[in-house]
Protein chains: 4
Amino acid sequence: MKRFDSDYLEGCLPEILQRLGETNLEQSVGYGEDAHCAAAREKIRAAVGRPDADVHFLVGGTQTNVTVISSLLKPYQGVVCAESGHINVHETGAVEHSGHKVMALPATAGKITAAQVEKAFASHRDDANHEHMVQPGMVYISFPTEMGTLYSKAELTALSAVCRRWQRPLFVDGARLGYGLASPLCDLTLPELAALVDVFYIGGTKQGALFGEAVVFCNPALAHEFRYHIKQNGGMLAKGRLLGIQFETLFTDGLYLKAARHAIDEAFRLRDGLRAKGYRFLCDSPTNQQFPILEDAQIEALRAEFGFEFWQRIDATRSAVRFCTSWATRPEAVDALLAAL
Amino acid sequence: MKRFDSDYLEGCLPEILQRLGETNLEQSVGYGEDAHCAAAREKIRAAVGRPDADVHFLVGGTQTNVTVISSLLKPYQGVVCAESGHINVHETGAVEHSGHKVMALPATAGKITAAQVEKAFASHRDDANHEHMVQPGMVYISFPTEMGTLYSKAELTALSAVCRRWQRPLFVDGARLGYGLASPLCDLTLPELAALVDVFYIGGTKQGALFGEAVVFCNPALAHEFRYHIKQNGGMLAKGRLLGIQFETLFTDGLYLKAARHAIDEAFRLRDGLRAKGYRFLCDSPTNQQFPILEDAQIEALRAEFGFEFWQRIDATRSAVRFCTSWATRPEAVDALLAAL
Amino acid sequence: MKRFDSDYLEGCLPEILQRLGETNLEQSVGYGEDAHCAAAREKIRAAVGRPDADVHFLVGGTQTNVTVISSLLKPYQGVVCAESGHINVHETGAVEHSGHKVMALPATAGKITAAQVEKAFASHRDDANHEHMVQPGMVYISFPTEMGTLYSKAELTALSAVCRRWQRPLFVDGARLGYGLASPLCDLTLPELAALVDVFYIGGTKQGALFGEAVVFCNPALAHEFRYHIKQNGGMLAKGRLLGIQFETLFTDGLYLKAARHAIDEAFRLRDGLRAKGYRFLCDSPTNQQFPILEDAQIEALRAEFGFEFWQRIDATRSAVRFCTSWATRPEAVDALLAAL
Amino acid sequence: MKRFDSDYLEGCLPEILQRLGETNLEQSVGYGEDAHCAAAREKIRAAVGRPDADVHFLVGGTQTNVTVISSLLKPYQGVVCAESGHINVHETGAVEHSGHKVMALPATAGKITAAQVEKAFASHRDDANHEHMVQPGMVYISFPTEMGTLYSKAELTALSAVCRRWQRPLFVDGARLGYGLASPLCDLTLPELAALVDVFYIGGTKQGALFGEAVVFCNPALAHEFRYHIKQNGGMLAKGRLLGIQFETLFTDGLYLKAARHAIDEAFRLRDGLRAKGYRFLCDSPTNQQFPILEDAQIEALRAEFGFEFWQRIDATRSAVRFCTSWATRPEAVDALLAAL
């Protein structure tokens, strides 16, 4: 069985495993206050180009989203996002569980626009009954999106401008951030992205770590007493050093982007191969997730040998599926998949 | 100034005021355990035709909605409703504040269909990742809806059947229940409605009481320890007798429906008068809310003498507005409004 | 049956009932934005001696407590109070339901001291693991307390100083505020009290209104967007004018304190009569609640004719009970009670 | 520096690291549905002696506590525990954040008694105002406690009997379960403990895993849809296999208890050595945490070479400190500590 179900099928990058072994018997204090976390924070600040950024490490994506969002909102505020946003669809209502409405806007290929957000802010303020309605308190986007697409520099700049004019934080879910930045079709660098947003996270789980997400508050004032939020939300790992060691390793010698680039290379080989065979795609994804449209019978047959995700029905006989590559994807597996299609 | 802004512009029906005066110096225990509440419960059970119904009194609509909904849902469940539903739009996210997602479905004239609800339930169960998604745990509808429309007996029967097949409670927000039941276009009686739903409330605030909503659990098993929920949600009125006295009065000699019928009569006079003058309406409302489409200039001019609510823009020069009648609407006010249009 | 169970046994002061009748057919906008609410706010600001105070009206005590407290705290903060505080004991965990720990301190006669609060603040800051503990975010006291006792000016000044030094709001539950201020043993005026606290409320429910609590933010910065909080917590009364009319009446011609003084007079008559008969008391209460210690057999016998609350067992044969007087207590009832004891 | 600050200072048992390496490039589905998790569940069921137990893996203790507790309680219920319980003191109010009161009882050496719990349940039911109070909905204890102490079989049997009579779940926080079971002074086996409680967890983080807690529902009916709770609370690890692999390893060849026994041996060497030198202890701990009482000057001096936790002041010149041993404690470190004292 060759699996393309997701980008968290394997353990971790060998460099990380090696460092875990080397450091295993070190004694260190807990909860992220050890030397490895400190070193990882420094490396991330450097990579992000923001020496004053406040960096925190959490274990997983849902936990990170709900902790950041609920730390930024007042009780009567909600978070604006794309209808297809992970927080709206795939987190069992964790944001609502924390008391806040997810204010979903129709998305195009997973993205929302500055104009939509402007309208959401303005129409709330203009409503005579505004106190009877949830106040839009921040904006959440994913980079890349659930559809593998990317905001361009122009699009993100426009979103950022709206958020700043309304003094609402802009938060980027970067669970797959590396797969975005490593794409040749991405016109943003990490420092450029960081300069446009208030807080974002650098995904580890899907990018070669065992687990872990590094939250970067570009606007450190927003991180006030954030460690209380982490602890209260059950996200403060006792052996915090594990997060430190992993991000330290990922941000040494450019490993983070190097690993991501491998995934992109394989995704593009898959995409180009399928295109050459005449397949069409649900959308044009510049990252590690590809959504070709297949015949249902073909999908059924493929399942014997390959793992992948059903995405959505297209018509009576065809559906889109999702193939994910990752840092760990073996080229032979892509070859086999191409051969099978 | 003659006001048609809402159906809670005045104090209360004179019969209620009189009873409050008569009982003012009685001493009674608090929190809804007095003789007036007991008598009101009996009268409501009789009117509803369910001798085993569990009846509770709360002060206002948002409080009632959130108390009932959060008492019925498990933490990971959400409430299915129309996109235009009051809980989704006009309660400052009170349901989400209680931890639950509002799962809004596109509505037609304020209503959702049995087929939509069936699909919401079925697609959740069928999703391989269902534990990553909010589970639809109940259905909320309004009767009449925010648009003044009514579910027919057939429509409500179909919704009821879906909910029972899936063993999910069906809850009816009856803030304007009387204005629905009193409409000549309503094909449901109160006992018929009660037989189809699990829990609903009989609105007092908009129907001639000073305040108060009577929650009726047709399925009394769902009311288990409901008084704890009321108290925890800040809805247990110390002088509960005030709720008892008001509902006792409303359900004596058919006052509740009599008062509602007056509102309907005046609303229909207004509707028919406007129709005769050639006005069109945003939708065909069989109840006390009417939504004619007016020229913007006309709207501006009307405001000098009349109170009403802007509803939504129709095109560059015209908008729909809302006129509410109530138990207290003076026929002369309707005459004046008709004359002014 | 003559009842002394509580101070909310009857309806309301006749002046209020009369005003409700006089204004009944006025049309007014909802949700506290009518002229009566505006007038009541002005009268309260004047009585409190703070022209810039922000005044809001809610329906009941639990609702008021949870709305104010949850509006002031960050998610990881708790509210410091007496172990016997109403929020800790008699509100079905409404504060915890809003996500916040009630940090209860041992109380003496219902009161906590500045030294206790200072210690709570200081020990949190000094703890190396402070992020693993709830941060004390504000202080809640009752005036009078659950035991009918009062903070002296010196005690409240000391509490206020601690709160200000630590920049934590001091909130006073004034459900029975009038019964405190009207006591001859109270050494604080309303303006003096207001100058020492950040937010407090003026109880209506127990002081002659049908219902209603007037929240006064002496520090108006703390009231930022408070109406959203009220609405989200289900406390925004549709016919807000009812609250306006009641507080307008209570704060006209000194009615509020006049009505309270009657209760105190009768409570003191009862107290002095019992003292003369040799009864002892659980504590020395200067307000409308009196806690004499009776023989259990005597308690049983009294129940045939009088309503009152069992408070706590003293020894094998005696218990303390509570008698409440109010604005509505008839002198004959007190006479009868004294005769029966 | 030799550290005894806690039992999570190092990475993990070498056996675990080796298995992580061996399995690193396996592809497996996420979220705990892989073969390693399945195997670990089987091994745990066997060790626990309950073939029908429902076993779930979470990442950390606070997360586990809040997920289990909030899944078992109704909104108006609280959890009864010792005042010194971890959920009451060191989890930043995570339980209250989930909406539930922590109902703390005075503890003796970290333990509460069946009689205390019986009284808490009975006095709630007997209170006339019970709906105004939080209902005690379950009991939480730690085994070992925060003080390193253990419930005896008799004590746990009595607690269990009270909980069953009242039909309230009994939940055991087993963050250090192995250190309890491995103590020669423990008179309970794992199956005996499991037979007395409804749900408990087997701590990994403090017992030689990188992280992870295995929740065991001895009463599987209580685990209904528990995976939704895990996901909503941010505790569903994407690479769930990491939890499976670790617990599989811990429950192979008795590694879990073997590693714990090493900690106990070293703790007892430390305890006996200190006793021989005449030191007294805060309490008599039969597990891996020891609380000797030292002179303050001595404490200061020790800090140069040793890590440990200040616990509490005893008198003007002496304080109790905590030394933790673990699976990783080197005998030489204990020797050095004994020599230094």
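Letters go in sequence order (proteins before strands), and every chain restarts at 1.
- When each of D:Thr62, D:Asn88, D:Val95 is scored by its heavy-atom pairs under 4.5 Å with chain C, the top score falls to D:Asn88.
- Contacts with chain D were tallied for C:His97, C:Glu309, C:His90; C:His90 has the most, counting heavy-atom pairs under 4.5 Å.
- Taking non-hydrogen atoms and a 4.5 Å limit, the residue list of residues 124-141 of chain C in contact with chain D, ordered by number, reads C:Asn129, C:Glu131, C:His132, C:Met133, C:Val134.
- Under the side-chain hydrogen bond (donor to acceptor under 3.5 Å, both in side chains) criterion, D:His86 pairs with D:Glu91, not counting sequence neighbours.
- The stretch residues 310-321 of chain C places none of its residues near chain D, where near means some heavy atom under 4.5 Å from a heavy atom of that chain.
- Proximity to chain C among residues 100-107 of chain D is limited to D:His100, D:Lys101, D:Val102, judged by heavy-atom separations below 4.5 angstrom.
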